[in-house]
Amino acid sequence: MAILFNHETQVFTLQTLNSAYQMKVAEYGVLLHLYYGRRIDDCDLSYLIQRTDRGFCGNPYEMRQDRTFSLDYFPQEYSCFGIGDYRADCVKIINADGSCAVDYRYRSYQIKKGKYTLDGLPALYAEEEQGETLIIEMEDHHTGMKLELYYGIIEGSDVITRAAKIINGGEREAVVKRAMSMCLDFNHDNLDWVHFYGKHTMERELERSRVIHGRQSIGSERGTSSHQHNPFVILCDPMCTEDSGDCYGAGLVYSGSFLAETEVDQFHQTRLVMGISPDQFTWMLNPGESFQTPEAVMIYSGNGFTDLSHKFHRMVSSHLLRGPWARKRRPVLINNWEATYFNFNGEKLIHIAEAAKELGIEMLVLDDGWFGKRDSDYTGLGDWEVNETKLGGTLKGLAERINGLGMKFGIWVEPEMISEDSNLYRCHPNWAMRIPGRPGNIARNQFVLDFSRPEVVDGIQDMIFKILDEVNIEYIKWDFNRSISNYFSAVLPSGRQGEIGYRYMLGLYRFLENLVSRYPHILLESCSGGGGRFDFGMLYYSPQIWCSDNTDAVERLKIQYGTTFGYPVSSIGSHVSATPNHQTGRITPLETRATVAMAGTFGYELDLSILNDEEKEIIKRQVKEYKEHYNLINRGDYYRLSSPYGKCRAVAWAFVSPDQEECLFCGVMTCLQSNPDGTIIKLKGLNPKKTYQVGEQVYTGEALMYGGILLPVPKEEYQSWRYEIKAVK
Ligand code: DGJ
């Protein structure tokens, strides 16, 4: 790992374990992007930039004798709007005179030990000796606007992090209209882009297409990263597969509205930019003030998607998740949502907990409905006072009874919301985000609280912390059940209303930081109607995220498959629920539901108190098996063995221990056939020269990986198999 600056060539080279990233300070301080890919030394690759006079591609004024230097063709490190680069830009600033242009030129750099942190924002962390930071300082000589580009690298990894800070070093105010976190230019268009789209109950479906001329974008205006698009994308060689090829993953460490945009330009070059969505965004900067973008993370692999995913998984586990639960075994839980919905009382919960305890389950999570007047989703949000009538006693008393059974206790909260029918709304109607004079847009009958206001965050935080101080709560599910619209803050002046989205995120992150630092023993699971806020930003606070409100094991195959491209299995909230499934009506075997839920933070979400003896025995075995395989599943390498979008009738994956001694193979048959073909799945990640035991049989690693395993003929629809594969001593 090294950050190098070659004074002679003016080239910066960031070297990670296997990759390198290069920039060059060119004529008159224009900062060019030179290279990103396989690791190289600090050679100067600027000879690859074709210098020729191009029509309708202007040149910076100082170069008027030289018509070959065009910002519209040259690869830019952080492209500026308004000065002759017409491609997707990173920064757009309206100056005090009304002009919309900024021309950042290189001034200086600093290389520092340790990885930078960002005030109030989530960011990857590393020990002082493990990280290194490069800060490149730029300036617009006409307005005094400054820019700091931050780059971080981390020892033993291929992670490169980036962020930008815009500083008003001038004497007059300016308005930032767009401030991206990253820009990545390629000198060709031989690329596919892979992104993950979806909807509520069907998140992170994979879509792969060629980059095309003009702009293609995904993003969110919803105030959350959203179910609809995930802030994680991959650009790759069109030939790239799971096992080979160049690919570049990029993600935002941010949970609000975002934009990821590709553009193929007139010269068949490609640009990717990623950052806060500019649509709902403006930021007023008075002299001396600054604006900090969220962090973006980039990883390159020359060995295909599996290697890229492993690198992201390690990055999350070692440099993003924090607190004791990042490493500790997480409890197997029972959540009462799909068991009871709002229809429960204290005794019902105790019955479920008793049944769960008998099966080896370790924690009861009390979901929505325990507070205020909350017997349906029409009322009560914002009234964080325990409904003792419904519980038949105090929450403390209930927690004590659950703890008395030898189980942990957790609760659901939705701190960012307010119901119109709540005491909070009656006291503070303008805490809800609504545009005065407009009825607004209601979703699940609730409004979003204006978390851009510190006093609103503090008010809700006080109510929730009061409960956490009184009751032995060891887990929190933090939910968010609508998209934000009608952005308006009752306290911001009109010129600053465009700041709400980002200020909201700062408020949310402050609350989450206070929560995790005051109650480090609490395991936080974030959620937004399932996976509507599944991003690197939330993972900084909550080591696991409820992956989807869709618990159908078969649809989950796609949802979890897509999620694993960027996120580790240990972050994917997954439960076994009842059959027929409540979202789809599909009937699946109990074993299959467990096979799928085991590729995540395993738990149950059905009424355990009404199970028959056979079901109880099966679940008892499943819980035991999950605990036995916990390390393999959560610390092993995860391999996607077949795609839910492919031709194979079985969707399969495997966990392999780092020493290749152990593997857990999982496969689900997704369709039945008469007179069936053989279904063969090739294992990955084993040692070809070792011998492995699979049930009664013994195979070489080579046989299992290059030949494969033959799945039995299924006896029922959606049958699944879990094979423990162990190296023979
Ligand atoms: C949406 C969540 O994703 C569900 O699991 C459940 O907690 C409900 N909200 C409760 O309102």
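Counting starts at 1 for both ligands and their atoms, following the listed order. The first residue in the sequence is number 1, and the count goes up from there. Small disclaimer: the values here were computed from a predicted structure and weren't measured.
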>> Ring-plane angle category for F447 and Y425, please: parallel below 30°, perpendicular beyond 60°, tilted otherwise.
In response: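 If you compare the ring of F447 with that of Y425, the planes turn out parallel.
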
> Can R586 and Y718 be counted as having a side-chain donor-acceptor contact under 3.5 angstrom?
Replying inline: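 The criterion, which ignores hydrogens and geometry beyond distance, is satisfied for Y718 and R586.
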
> Does the side chain of D552 pick up a donor-acceptor pair with the side chain of N550 at under 3.5 Å?
Replying inline: no

> So among Y540, Y509, Y541, Y504, which one has a side chain to side chain donor-acceptor pair (under 3.5 Å) with S255?
Replying inline: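 When Y540, Y509, Y541, Y504 are each tested with S255, the side chain to side chain donor-acceptor pair (under 3.5 Å) holds only for Y509.
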
>> With a 4.0 Å heavy-atom cut-off, what residues sit around ligand 1?
In response: W337, D367, D368, W412, R444, K477, D479, N481, C527, G529, G530, W546, D549

> Considering residues at least two apart in sequence or located in another chain, which fulfil the ring-ring contact (aromatic ring centres under 6.0 Å, His included) criterion with F344?
Replying inline: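 F344: no ring-ring contact (aromatic ring centres under 6.0 Å, His included) contacts found.
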
> If you measure from the Lys or Arg side-chain nitrogens to the Asp or Glu carboxylate oxygens, is any gap between R621 and E625 under 4.0 Å?
Replying inline: no

